Amino acid sequence: MDFRNAVAMKVQETTGLDLETVNRLIEIPPQEDMGDYAFPCFALAKTMRKAPNMIASELALSDKLSADWISKVEAKGPYLNFFVDRGAFAKEVLSEVLEKGTSFGQSEEGSGKTVIIEYSSPNIAKPFHVGHAFTTILGHSLSRIYEKLGYKVVRMNHLGDYGTQFGKLITAFRLWGDEEALEKDAIAELLRIYVKFHEEEKKDENLTTVARENFKKLEDGCEEEVALWTRFRELSLKEFNKLYDRMGVSFDNYNGESYYSNLIPGIIDLLREKNLLVESEGAQVVMLDEKKLPPCIILKSDGTTIYASRDLAAAKYRYDTYHFDKNIYVVGMPQALHFQQVFAVLEKAGMPFAKNCEHVGFGLVKFQNMKFSTREGNIVALEDLLNESVAKTYELIKANAETRNSDLSEDELKAIAEKVGLGAVIYTYVKAGRERDIVFSWDTMLDFEGDTAPYLIYTYARTRSILRKAAEQGFLPEKAGSGLLNKLNGDEEFACVKMIADLPDAVKKAAASNEPFMVSRAVAQIARSFNRFYNNCSILGGDDAELKTARLALCEAVCDAIEAGTYLLGIPVVEQM
RNA sequence: GUCCACGUAGCUCAGCAGGAUAGAGCGACCGCCUCCUAAGCGGUAGGCCGGAGGUUCGAAUCCCCUCGUGGACGCCA
């Protein structure tokens, strides 16, 4: 039963307004003592020609509004406030969670639909730094969120594996490459020679020419150049995959820019057929004046392709291959204009899927007290950040294990530290709206108190611990549907149940706005409300055995909800910490 | 110059298809472990919601202007 909708139906019966309107108007009061749902009466003021306050107090008297699941209806100013019966609410909500477990919040709204999510997309031969983590973590989370809603998700890693820099790399490797170093740490070695190339290039212009020639050979499919490129690509991907595995991130497709490059001629032909290509300053462009956008360059004046043409080819390929209902690009905000242009060209070319393409942008990862430059080599590699976080977590749980005399083995401690440490990093990327910049500082990244993943995981672990202890004492959580769940009507219990009940809606909103933080906020609220309850009420301590089992059911539901929620963010939970 | 974001507590951020006394976390200060994990909980302090106008019963939320910050504006991606 959906209590909100049930309230709406009651209001509909009494006022005669249509259900949709009522549903839109119903809101959650800002204060708890004002009730659980509110219907503002302003909308009725005009038709009834009465003051909203009057209408509210009159409606409050109507016996049509009573029901066994409503404990009170009262008028407060222009608002008609509904108080649900706490016991009935707890039983309803918790029963659903206990039945569904971690699949709580799942829905079928995306059933039969395919959504493509392009994310991560690092450049071959370049270090994977904390900025890449943003798209990776966001895309991973969005993938899981859409899957939760029943969509078929295709995860695409649009690798940066094409362009003139590969001519430079091939040239540099032939001159200064170290085979052994390449095998040992490919990205470090490729970065080293790349940096060296730029230094030497300043002194020797001939290098630039050689690099250009080598890129041309690569494009033309010359064996040696292709072999080197393939090797760089594979070795880089191997490194990236280590990180992906560690974070539980996966992809269905690693087609990079090089793959789509081969499809560009088809797109050019298509644009020519439609007479969209015009020459401008030597380049071939599509004019987008009617959309108030600058022209989109398709072919450079030297006749070579550019990223817009690759994205056009990629979009068409994706539609032809997957017939997507939604095609999402998780790419930084600075590229917003680029995607507007690409989508506009698709639309102009009559591609029916143009309107289903969406750019999901995100902010910059900035650095406090730090300069950020690839050339100077002083970037923060994601791996280093993860390691720092895990190391700090390890110290904390080791200290805790000692004070609590826990029997955790060294291996277990390490495994827990890995999960919690990673979770902490991931959470910093999904705790706020994605368009916000993240100001990176070791202090805030490694602060594990308050609104953080360790807080969520800690809440989970502590609750699991209670459930284990209870089982040892012979107490099991009350089952779904049990009337004893009605006993959960205290302030803290009720607040917690309400937060759990909000999770499914948060997941839907997260997908609708492509904002994982809607989920992280909901989970954090569940954890916070539970911690309040935990501090105010003894779960295992009381004499009332029935209340005890009911409260254990709440514990169980909290665990399910937190686990379901953190999973959607890509954050793992642990049984102890 | 044009366009796009953003500007809310000391800091990081919610809230913005208009609605009741603007909320969290961090930091500060004061408390709470003989009791289920103190990575926890409670309390106090802290706000002309960048500024000025307008729309109306009502604006942090919508419109106009303005200031500030960041970003994007054709042959990089």
Side-chain angles (χ1 to χ4, degrees), chain A residues 24-25 27 29-31 34 38 40 42-43 45-46 51-52 76-79 81 121 123 158 160 162-165 257 280-285 292-308 310-311 331-338 340-341 361 363-364 366 393 396-397 399-401 403-404 406 420 424 428 431-433 435-439 441 443-444 447-459 461-470 473 517-518 521 524-525 527-528 530-541 548 551-552 555 576-577:
Chain A
R24 206 182 56 239
L25 290 171
E27 52 191 85
Q31 304 284 322
M34 293 173 173
F42 305 100
K46 276 182 192 135
K76 181 148 188 174
Y79 291 87
N81 291 341
S121 312
N123 290 322
H158 191 82
Y162 197 79
T164 46
Q165 72 266 30
E257 291 162 17
S280 167
E281 297 172 33
Q284 295 291 315
V285 308
K292 292 183 180 166
L293 290 172
C296 183
I297 297 185
I298 307 295
L299 289 174
K300 296 189 273 190
S301 43
D302 64 359
T304 57
T305 63
I306 187 169
Y307 58 103
R310 282 192 273 281
D311 274 331
V331 180
M333 290 296 292
Q335 291 194 50
L337 177 60
H338 162 69
Q340 279 183 43
Q341 291 177 296
L364 266 40
K366 292 178 179 168
T393 307
L396 282 168
I397 54 172
N400 283 341
T403 55
R404 290 170 196 153
S406 88
V420 178
T428 60
K431 71 188 289 188
E435 297 193 2
R436 290 274 180 182
D437 291 344
I438 292 177
V439 179
S441 87
D443 283 350
T444 53
D447 180 1
F448 295 166
E449 279 168 26
D451 188 16
T452 63
Y455 174 85
L456 304 179
I457 303 171
Y458 174 79
T459 307
R462 197 158 68 165
T463 311
R464 297 303 300 189
S465 168
I466 294 170
L467 288 163
R468 281 193 301 271
K469 287 216 163 94
Q473 296 170 16
F517 95 94
M518 301 267 182
R521 193 169 87 256
Q525 279 175 337
R528 200 170 306 126
F530 180 79
N531 280 324
R532 278 191 198 138
F533 163 62
Y534 175 95
N535 267 274
N536 276 286
C537 312
S538 177
I539 296 161
L540 296 175
K548 207 181 281 189
R551 285 179 166 174
L552 286 172
C555 290
Q576 290 182 71
M577 66 187 274

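The chains referred to below are lettered A, B, ... by the order of the sequence lines, with proteins before strands, and numbering in each begins at 1. All values reported here derive from a predicted model rather than from experimental measurement.
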Novice: Would you tell me if any nitrogen or oxygen in the side chain of A:Lys366 comes within less than 4.0 Å of OP1 or OP2 on B:G70?
Specialist: no
Novice: Are A:Arg551 and A:Lys548 close enough that some pair of their side-chain heavy atoms sits under 4.5 Å apart?
Specialist: no
Novice: Using a cut-off of strictly less than 4.0 Å, decide whether A:Arg24 has a side-chain nitrogen or oxygen near OP1 or OP2 of B:A17.
Specialist: no
Novice: Is the shortest side-chain N/O distance from A:Thr444 to OP1 or OP2 of B:U12 below 4.0 Å?
Specialist: no
Novice: For B:A38, take OP1 and OP2 only and decide whether either is under 4.0 Å from a side-chain N or O of A:Arg462.
Specialist: yes
Novice: Checking all strands, does A:Pro29 fall into the base, sugar-phosphate, or nothing category for heavy-atom contacts under 4.0 angstrom?
Specialist: base
Novice: If pairs are Watson-Crick or G-U with both distances under 3.5 Å, what is the dot-bracket string of RNA chain B, marking crossing pairs with [ ] and pairs to another strand with |?
Specialist: (((((((..((((.....[...)))).(((((.......))))).....((.((..]....)).)))))))))....
Novice: Across the strands shown, which category fits A:Gln165 at heavy-atom distances under 4.0 angstrom: base, sugar-phosphate, nothing?
Specialist: nothing
Novice: In Å and rounded to the nearest 0.5 Å, what is the CZ to CG distance from A:Arg462 to A:Asn531?
Specialist: 4.5 Å
Novice: Classify the side chain of A:Ser280 and the base of B:G74 as holding, or not holding, a donor-acceptor pair under 3.5 Å.
Specialist: yes
Novice: Kindly indicate whether the side chain of A:Asn400 and the base of B:A39 share any N or O donor-acceptor pair separated by less than 3.5 Å?
Specialist: yes
Novice: Looking only at the side chain of A:Asn531 (C-beta and beyond, no hydrogens), which of the listed nucleotides B:C41, B:C13, B:G27 gets closest?
Specialist: B:C41
Novice: Does B:C26 have OP1 or OP2 sitting under 4.0 Å from an N or O in the side chain of A:Tyr455?
Specialist: no
Novice: Verify the contact: side-chain N or O of A:Arg436 to OP1 or OP2 of B:U8, cut-off strictly under 4.0 Å; return yes or no.
Specialist: no
Novice: Which part of the nucleic acid, if any, lies within contact of A:Tyr534, taking any heavy atom under 4.0 Å across all strands shown: a base, the sugar-phosphate backbone alone, or nothing?
Specialist: base
Novice: From A:Tyr534 OH over to A:Cys555 SG, what is the distance, rounded to the nearest 0.5 angstrom?
Specialist: 9.5 Å
Novice: Report yes if at least one side-chain N or O of A:Arg521 is closer than 4.0 Å to OP1 or OP2 of B:A24; otherwise report no.
Specialist: no
Novice: Nearest to the A:Ser301 side chain among B:C73, B:C75, B:A39, which nucleotide is it?
Specialist: B:C75
Novice: For A:Asp443 and A:Ser441: C-alpha separation, side-chain torsions, deciding distance, then whether side-chain hydrogen bond (donor to acceptor under 3.5 Å, both in side chains) applies.
Specialist: CA-CA 5 Å; A:Asp443 283 350; A:Ser441 87; 5.3 Å; no
Novice: What is the distance from CZ of A:Phe530 to C1' of B:C41, rounded to the nearest Å?
Specialist: 13 Å
Novice: Quote, to the nearest angstrom, the P distance that separates B:C16 from B:C36.
Specialist: 41 Å
Novice: Check if the side chain of A:Tyr458 and the base of B:A39 share a donor-acceptor pair of N or O atoms closer than 3.5 Å.
Specialist: no
Novice: Kindly say if A:Lys431 contacts the phosphate of B:A14, meaning a side-chain N or O under 4.0 Å from OP1 or OP2.
Specialist: no
Novice: Any side-chain N or O of A:Tyr162 below 4.0 angstrom from OP1/OP2 of B:A77?
Specialist: no
Novice: By a strict heavy-atom criterion of less than 4.0 Å, which residues belonging to residues 331-338 of chain A are in contact with RNA chain B?
Specialist: A:Pro334, A:Gln335, A:Leu337
